Structure formats: structure tokens, C-alpha cells
2 protein chains.
Amino acid sequence: MGTVSKALELLDLFTRASPLIGLSDMARLAGLNKATCFRLLSELAEHGLVEQVGTAREYRLGPALLRLAALREAQVPTREAAMPVLQALAQRTSETAHLSLLIGGQLRPLVHAYSSAHATRVTLDDTDTLPFHATSSGLAVLAFQPDAFRETVLAQTLPRLTRSTETDPGTLRARIAEVRSLGYAESRGGYESDVHSMAVPLFDALGGCSGAVAVAALGSRMSEQQRRLIRYSLMQAGTEITTLWGGSLPSDIVTLWRLAA
Amino acid sequence: MGTVSKALELLDLFTRASPLIGLSDMARLAGLNKATCFRLLSELAEHGLVEQVGTAREYRLGPALLRLAALREAQVPTREAAMPVLQALAQRTSETAHLSLLIGGQLRPLVHAYSSAHATRVTLDDTDTLPFHATSSGLAVLAFQPDAFRETVLAQTLPRLTRSTETDPGTLRARIAEVRSLGYAESRGGYESDVHSMAVPLFDALGGCSGAVAVAALGSRMSEQQRRLIRYSLMQAGTEITTLWGGSLPSDIVTLWRLAA
DNA sequence: AACGGTCGGTTTATTATATGAACCGATGGT
DNA sequence: ACCATCGGTTCATATAATAAACCGACCGTT
């Protein structure tokens, strides 16, 4: 593996749960020699991608990221464009809506919007990576990736997260085919036992599926009528966001979503 | 120089003016061999820090930056916290307000807020780096950096940007000392000939000066009374933002700003 | 106050990795 | 038909990354 990749992997070690990491910890987490890790962090710090804080000299993500992200958003307003659609989606469905992006082969939550309709809501504050096989977003994205990518994912060991998690590659392949033929994905407690969710894929200006938008609700609130509302709202939100991104929906999706309306 | 630094420098080549860069261009700009540049870009792309777009296969900043920046803001709400203060500042002074951060030894504009009071306004949409010697923000920041850093900056060749740009290191040293004793900095047409600006330093939770907030106006609108308003508003905004950042003002600044009120 | 363990950081010889010139097929303008 | 340039690849060479051992500082225990 290249040295640059090793450095960039360090950035991915920072999570909402552990935003500050010491040198030795980081070396352990990354499986690197402490000296190597130190050099990499120093170079990252020199450019402001990480910074050191406090007397313990721990590292955290740096201010340069703000600038670079702003520059990216100025050219491709991914987050900014999706935010209002997501909020409307949460409002309309009275549940939690969230959008995830495919980044470096992993599915990462980017924005979420909550509804104030219920006292209990699904939260995903500390979630950094979504498992493809156990979430509706994951299945929605997987259904529209090249075969090679899908097979790579299914070839890995897929953790059983709840009693309902499907982990058999064959069954998953079938479910993914079903997602393609329905135009949306659904997960019933596969990620967290009480949470049901539905998701649709999103397409960017490059023509590929680069993310998904989903609505997650307590399983107990998922009536058949509510599922219809969520499904319809998702398809509408998916169309809007894809359009705002300058992307276009595959023609079969257009047909499916039109029929569902 | 380390390989990682070379890769990170590539990220800094993207600007508002040229957000898409081809492989050969990038190699030229970075002074790298094309093959080397290709490898570095490939590694960056693998992690989503850049992505390739269109038939020309040009590169642009990638979606991973959004995620990392969001993670950073979640821990240290730098931009989010400053935004409303900046907007109020623009409103109150009826001019353009902007905030810059010290990143990797360079002064980078992060947010700006415009007032709708005048038909003509100072814009800085395409500005990626501010020169220390020719802007009020630069002088404000420089005044509160370690001597070594200040001398490094002054030792460089300082470009004369307008007829009014001060480029003599000795004179600049004196002006910087004056900034320290006044608690604010001012630039009259040193960056763009018709633009006058004033700025105050900002301090973060680590105790250092990590940026500045400034108000820029057309020189023709800079009455003595307006300058008083701007100066006072800046000091107030500087106090607020520094507090929101969890920082604290040096005691001499507190005194100076209190006297000015 | 002496101890053992950990911290962040530095040094060094060793070796793996980055490098650059030349080359490739494709593309586009003259 | 031509030439220049594009993005990308190859491979021998040389440079830059690596890992172990070490350093002083710090911290809670004994």
C-alpha cells in the first residue's frame, strides 16, 4: 500500500465517538509503527488536515477540511442541495430521514433530518459507516453498483447485527435483485432490532449511483399505510435530489417510480 | 519533502477559479512527474478526496471532504458558530464582513457575509489566499503570531499589489507593532486600490490566534464616523467569536477593546 | 521517593517504495 | 496526413519510508 493511503487512512480513524486520538493509540489502531505514524501525522498537521490539542498532544481533524469542503460544495453543492429536501421528507413522513454517500467504497451518513412529530425518534448521531447488507440504504446503493463491487462486498464476512440480520450472500443477492425490480429497498430490524427503514438510490452528474436517501422509523409505527406514504415520499425526494445534483435517473427507475405514484 | 505532503499539496491546487484540473496540468502546477502525479491522485481518489469527472477525466475535490469537515465541525463548530456573528456584523456595518483562518501557514478566507445596504459591495468570491502584508486580516493575524512565524513571512518577497501596498519589511514590522498596541488592523487600498478594510484577531481554545474577522468597504464610503462604527463592531464580533470558539482574549486585548467601547 | 508503565517524540541502519524517462493508444486541431 | 497533447502505463533506478531501540517527561502506586 502506498504511503499516501496510509496517511489518509489515519483520517478515517477519527469518529464521532472518538474525535481525539493520541499518537500511540493511533499507531495501534492503524497497525503502524509509532515512528511511521508520527511522521504521517506531522505531514497531515503541516497542511492543517489534523491538529494537536491540549497538554496530552492528542490529534483531531484540522481546519483545512473546512476550506476544502467549502470549495467542493461551491462546485458541487451536494450537501447544501439535499438538505431542504431531506428536511421536507422528515416532516412529511414524521420520521427520521437521512442521506448517505458512497465514499471510498464505504457507505457514510452525511446529513440527517428529524421530525418533531413523535417523542421517540430514530437517531444516528454516532454512526460513521453503514453496513451494506443490513440497512435499506446499503441495499439500495448496492443494487445499482457494478457487479464487481457488489460481489466484493458480499464476499466479505457479513456480521449478524440483530436476530433479523440477513447474512447469507445468496439470499442477499436475491433481495438486491428485488430492490432493482421494485425501485426501493427495505430493512426490517436488520441493523437495529426495533428500527424499520426504507431507502431509494441517488444518482449524480457522473451517471452513477453515489448514495441513498432513507427514512427510518420505529417498527411499531410502520403501518401499511405509513409504508405507502414513506415509499412515495422517498421516490419524490430521490427524484428531487438527483435532479438537484444534475444527475438523471435510469429509465427503469423512472418507470417504476411513476407507476408507484 | 515527504510523499504525503506532495499529495496534500495537490489538494491545494484546486481553487474557485480552477476547480477542475487535468492530470498533465496538475503535474505541471505541482512540479511533479506525470507518473508520480498520477499515482498520488489515484491514491487520493481511492479515499474520495478527489474524484474524476467527465470524458476528459479531469480531477476535482471529492465527497470525502464533506464527511470529514462535518466531523470536524461537530467537534469544533468553527464555521457554524461564527456565521451568525459575521452576518450581524455585515448588517450592522452595511459592508462586507469576512472571516479567515490560518491554515498550514497561509491565511485562507472561510466565510463571508454581505450587506444589502449598498448597491456596490466588496466581493471576494475568487479569493483563495490572503497576503499577510497587504490585508488588514493578515496584519491582525501576524501581530499575534510567534516571532519566528512573522519573520518567516516578512523574509519572503512581498508583492506590490497596488500603488498603496507596503512592501518594506521594516515598515511592516512597525505597522504590526502598532496593530498590537491598537488592538485592530487597517488597510487602505493595499490589496485592491479602492478597498479599505479593518480587522481584529480571533483566538481559539488552544490559546493562539488562529484567524481574523474583517470588514471591507469601498474607500469612498470610509468616513471617520463609519470607521468608528466598524472598529467598535469588529471588537464586539471578535469577542463573541473567540468566546464561541472556547478561546480567550489576551488580557491586553481585553483592555484595549474595553477602552475603545 | 523510587518504581513500572505509558506517553509523545527522536534516532538509525535497512529496505521497501516512490520516482522519472520513455512509451502507448486515443483525441483533436491544422 | 500530420503533429501535439491528452490520460495512463512500464520498469530500472534511486530516494524516501520504515521499525526497533532509545529518550526524557509524566503519572499513579507502593
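Worth saying up front: this structure is predicted, and the values here are computed from it rather than measured.
Both D25(A) and T3(A) sit near DNA chain C, but only D25(A) has its closest nucleotide nearer the 5' end. Toward the 5′ end of DNA chain C lies the nearest nucleotide of L23(A), the other residue of the pair L23(A) and K6(A) mapping further downstream.
Residues L101(A) and L107(A) form no side-chain contact, since every pair of their non-hydrogen atoms from C-beta on lies 4.5 Å or further apart. In this structure, V4(B) and R39(A) have side chains that are not in contact, with every pair of non-hydrogen atoms separated by 4.5 Å or more. Between P201(A) and V141(A) there is no side-chain heavy-atom pair separated by less than 4.5 Å. Side chains of L142(A) and R175(A) form no contact here, defined as non-hydrogen atoms less than 4.5 Å apart. Between L139(A) and F132(A), every side-chain heavy-atom pair lies at or beyond the 4.5 Å cut-off. Looking only at side-chain heavy atoms (C-beta outward), M26(A) and C37(A) come within less than 4.5 Å of each other. In this structure, D25(A) and E58(A) have side chains that are not in contact, with every pair of non-hydrogen atoms separated by 4.5 Å or more. R173(A) is listed as a side-chain neighbour of E151(A), based on a closest heavy-atom distance under 4.5 Å.
For dC6(D), one of the phosphate oxygens OP1 or OP2 lies less than 4.0 angstrom from a side-chain nitrogen or oxygen of S24(B). Within the 4.0 Å cut-off from OP1 or OP2 of dG8(D), at least one side-chain nitrogen or oxygen of Y59(B) is found.
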Side-chain atoms of residues 5-14 of chain B: list all donor-acceptor pairs with protein atoms under 3.5 Å, sequence neighbours left out, distances to 0.1 Å.
residue : atom : partner : partner atom : Å
S5(B)   : OG   : E43(A)  : OE1          : 2.6
D12(B)  : OD1  : R67(A)  : NH2          : 2.8
D12(B)  : OD1  : R108(B) : NH2          : 3.4

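Here dT9(D) presents its C1' atom at 15 Å from CZ of R57(B), a figure rounded to the nearest Å.
Looking at every heavy atom in both residues, K34(A) comes nearest to A27(A) through CA-CB, 3.9 Å.
If you walk DNA chain C from 5' to 3' and mark each nucleotide with an atom closer than 4.0 Å to a heavy atom of chain B, the marks span dA18(C) to dA21(C).
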Between the protein and nucleotides 21-25 of chain D, list the N/O to N/O atom pairs that are separated by less than 3.5 angstrom.
none

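Rounded to 10 degrees, the angle between the two end axes of the helix from dA1(C)-dT30(D) to dT30(C)-dA1(D) is 40°, with five pairs used at each end.
Within the model, atoms CZ of R57(B) and CD of Q52(B) stand 5.0 Å from one another, a figure rounded to the nearest 0.5 Å.
Put simply, the side chain of E51(A) never gets that close to the backbone of Y59(A): no donor and acceptor are under 3.5 Å apart.
A salt bridge (charged side-chain N to carboxylate O under 4.0 Å, His left out) check over residues 133-143 of chain A, counting only residues at least two apart or in different chains, returns nothing.
Using a 4.0 Å cut-off on heavy atoms, the residues of residues 37-50 of chain A that approach DNA chain D are R39(A), listed by number.
Residue contacts shown for Q52(A) are limited to sugar-phosphate atoms, with no base heavy atom under 4.0 Å away.
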